[in-house]
2 protein chains.
Amino acid sequence: MYSFTEENYLKAILHLCDANEKGASTNAIAQKLDAKAASVTEMLKKLSDKKLLNYKKYQGVKLTETGKKVAIATVRKHRLWEVFLVNKLEFGWEEVHEIAEQLEHIQSTKLTDKLDAFLAYPKYDPHGDPIPNKAGIFPNRSDQTLTEIEPHEIAILRGVKDTSAEFLKYLKKLELGLGEELKVLEKEAYDHSMQVQLGNKKILNLSQQVSSNLFVTKK
Amino acid sequence: MYSFTEENYLKAILHLCDANEKGASTNAIAQKLDAKAASVTEMLKKLSDKKLLNYKKYQGVKLTETGKKVAIATVRKHRLWEVFLVNKLEFGWEEVHEIAEQLEHIQSTKLTDKLDAFLAYPKYDPHGDPIPNKAGIFPNRSDQTLTEIEPHEIAILRGVKDTSAEFLKYLKKLELGLGEELKVLEKEAYDHSMQVQLGNKKILNLSQQVSSNLFVTKK
DNA sequence: AAATATTTTTAGGTTTGCCTAAAAATTAAT
DNA sequence: ATTAATTTTTAGGCAAACCTAAAAATATTT
Ligand SMILES: [Mn+2]
Ligand SMILES: [Mn+2]
Ligand SMILES: [Mn+2]
Ligand SMILES: [Mn+2]
């Protein structure tokens with residue numbers, strides 16, 4: 001249906017739009033795909049002709065519904081294969097991305113869905129990234145907050161419940177960003193505060209108010 | 001390392017050389033790959049330049065050792081993936097060939113070998129075709145003879161222990177060819193003869209001497 | 001041995017996807 | 001508001017694989 005290359009472009013654009021709201025710029029796409037801007041322009045025209053994205057000269061692009069569907073399906077394949085490689089074939093989580101980059105282009109919806117079932121419908125890939133279901137819906141980034149994590153467990157920050165500027169600024173000050181690993185050291189029974197160690201070894205003390213507003217997944 | 005297309009050519013040529021002794025002709029390759037003879041000629045030159053096969057104008061081709069290695073590795077990948085699809089993902093054996101045709105081109109020796117281990121080093125694919133090991137060695141067509149098959153089981157004829165012309169002629173007379181399915185109906189305790197039903201429903205009575213010379217695999 | 005048929009190769013094109021270099025448009029800095 | 005810097009597009013090419021049609025070589029008949 002769609003070529004290797006087309007799927008790669010759509011996936012890159014999906015990720016850029018996720019980050020950038022305004023859409024994906026030619027240069028950003030070029031950088032992400034390790035191609036030249038001229039090649040990207042050419043491809044954008046083709047994808048636009050195929051109604052996979054909206055392109056107007058010099059204006060960057062956004063995916064159409066169809067384009068989004070194809071991109072999400074590709075992400076789904078990529079992440080499911082990564083789960084397979086790590087959970088079933090015992091690859092290390094650092095080795096699987098490159099192989100998944102190839103496997104994600106295998107064309108068979110039935111294969112994807114059977115793989116999904118075989119893996120027991122995982123919601124996150126080995127790097128903690130969410131896996132869209134057959135319908136293209138991503139799992140709630142997490143319904144689990146840091147308060148539910150027990151000492152010695154490692155959590156990965158996935159999102160925030162409180163999205164107020166104040167809270168986000170506070171997190172920034174703590175150097176607590178999405179994707180950060182948090183090892184729970186201790187939970188204080190007295191005030192329910194937590195001592196956690198960041199990936200960079202820094203140790204933080206988080207109040208219950210803070211930890212109950214952090215969506216995480218266990219590593 | 002090698003492109004999708006190159007692997008397909010080498011695999012096709014391997015199979016044709018297997019059948020034809022004399023090597024593979026341009027036309028035969030074209031037919032097998034559903035391409036035009038002109039395209040094949042062009043590709044043969046490229047593969048010859050890369051030392052994957054020996055090509056002399058108008059003389060057909062044979063694979064070099066390197067070419068054989070690549071072709072066998074591709075067959076290995078193809079058949080291992082077929083086993084995966086049938087045994088693990090519960091595909092029907094008639095659905096897997098097309099998907100394996102895509103999966104066989106994934107480039108990662110480590111993946112292939114880990115898949116092999118995950119599947120417990122299968123010797124045959126779902127269609128009974130032998131799977132070469134990591135070193136490129138095909139299994140002995142079968143070490144199991146028909147005598148070891150129990151009533152109600154179905155066996156597929158894979159080879160013969162006795163290769164004498166007499167025996168082969170006898171098999172031909174019985175219409176018993178490689179690949180034939182044999183359902184064991186009864187085993188006579190008295191003389192160890194067997195009653196078997198062929199795929200075409202014909203029922204045969206085979207002496208122990210015959211059944212002990214037929215290499216089979218269970219279906 | 002010639003004539004005919006078949007196979008294979010050559011010659012010239014197409015499509016996909018990528019490139020460099022130059023031109024045009026947009027954005028940022030005086 | 002100009003000028004300068006950056007981004008994006010256009011123009012012109014290249015390589016991998018494919019194609020059709022015509023020419024050359026080989027194989028088969030007469
Ligand atoms: Mn990945
Ligand atoms: Mn990819
Ligand atoms: Mn197959
Ligand atoms: Mn193939």
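Bear in mind the structure is a predicted one, so any value in this text is a computation, not a measurement. Letters go in sequence order (proteins before strands), and every chain restarts at 1.
Each of A:A37 and A:K57 has a nearest nucleotide on DNA chain C; the 5'-most of these lies closest to A:A37. Nucleotides of DNA chain D nearest to A:K45 and B:Q59 differ in position, and the one nearer the 5' end is that of A:K45.
In this structure, the CG atom of A:D49 is 11 Å from the P atom of C:dT16, given to the nearest Å. Taking atom CD on B:E6 and atom P on D:dA15, their separation rounds to 16 Å, with Å as the unit. A straight line from OH of B:Y58 to P of D:dT28 spans 16 Å, rounded to a whole angstrom. As a whole-Å value, the separation of A:K22 NZ from C:dT27 C1' is 15 Å. Per the geometry, CG belonging to B:L33 stands 10 Å off P belonging to D:dC19, to the nearest Å. Atom P of nucleotide C:dG17 and atom NZ of A:K36 are separated by 19 Å, given to the nearest angstrom. Rounded to a whole Å, the CD atom of A:E42 is 14 Å from the P atom of D:dG12. Regarding A:Y55, its OH atom lies at a distance of 13 Å from the P atom of C:dA25, rounded to whole Å.
For A:T26 and D:dT9, the shortest distance from a side-chain N or O to OP1 or OP2 is below 4.0 Å. Between A:T41 and D:dT10 there is no side-chain N or O to OP1 or OP2 distance below 4.0 Å. Residue B:Y9 places at least one side-chain N or O under 4.0 Å from the OP1 or OP2 atom of D:dC18. The phosphate of C:dG17 (OP1 or OP2) has a side-chain N or O of A:S3 nearer than 4.0 angstrom. When the side-chain nitrogen and oxygen atoms of A:N27 are compared with OP1 and OP2 of D:dT6, none of them lie within a distance under 4.0 Å. Considering only side-chain N and O atoms, B:K46 lies nowhere under 4.0 angstrom from the phosphate OP1 or OP2 of D:dA16.
Residues A:F138 and A:Y124 place their aromatic rings such that the two centres sit no closer than 6.0 Å.
Using a 4.0 Å heavy-atom criterion, one finds that A:T5 contacts the sugar-phosphate atoms exclusively.
Shown here is A:K51, whose NZ atom has no more than 12 heavy atoms of other residues, nucleotides or ligands within 6.0 Å. Atom NZ of B:K69 has 12 or fewer neighbouring heavy atoms from other residues, nucleotides or ligands inside a 6.0 Å radius.
Under a cutoff of 6.0 Å and an axis angle of 45°, A:K62 and A:Y55 do not form a cation-pi pair.
Classification of B:D116 and B:R79 as a salt-bridged pair fails, no side-chain N sitting under 4.0 Å from a carboxylate O.
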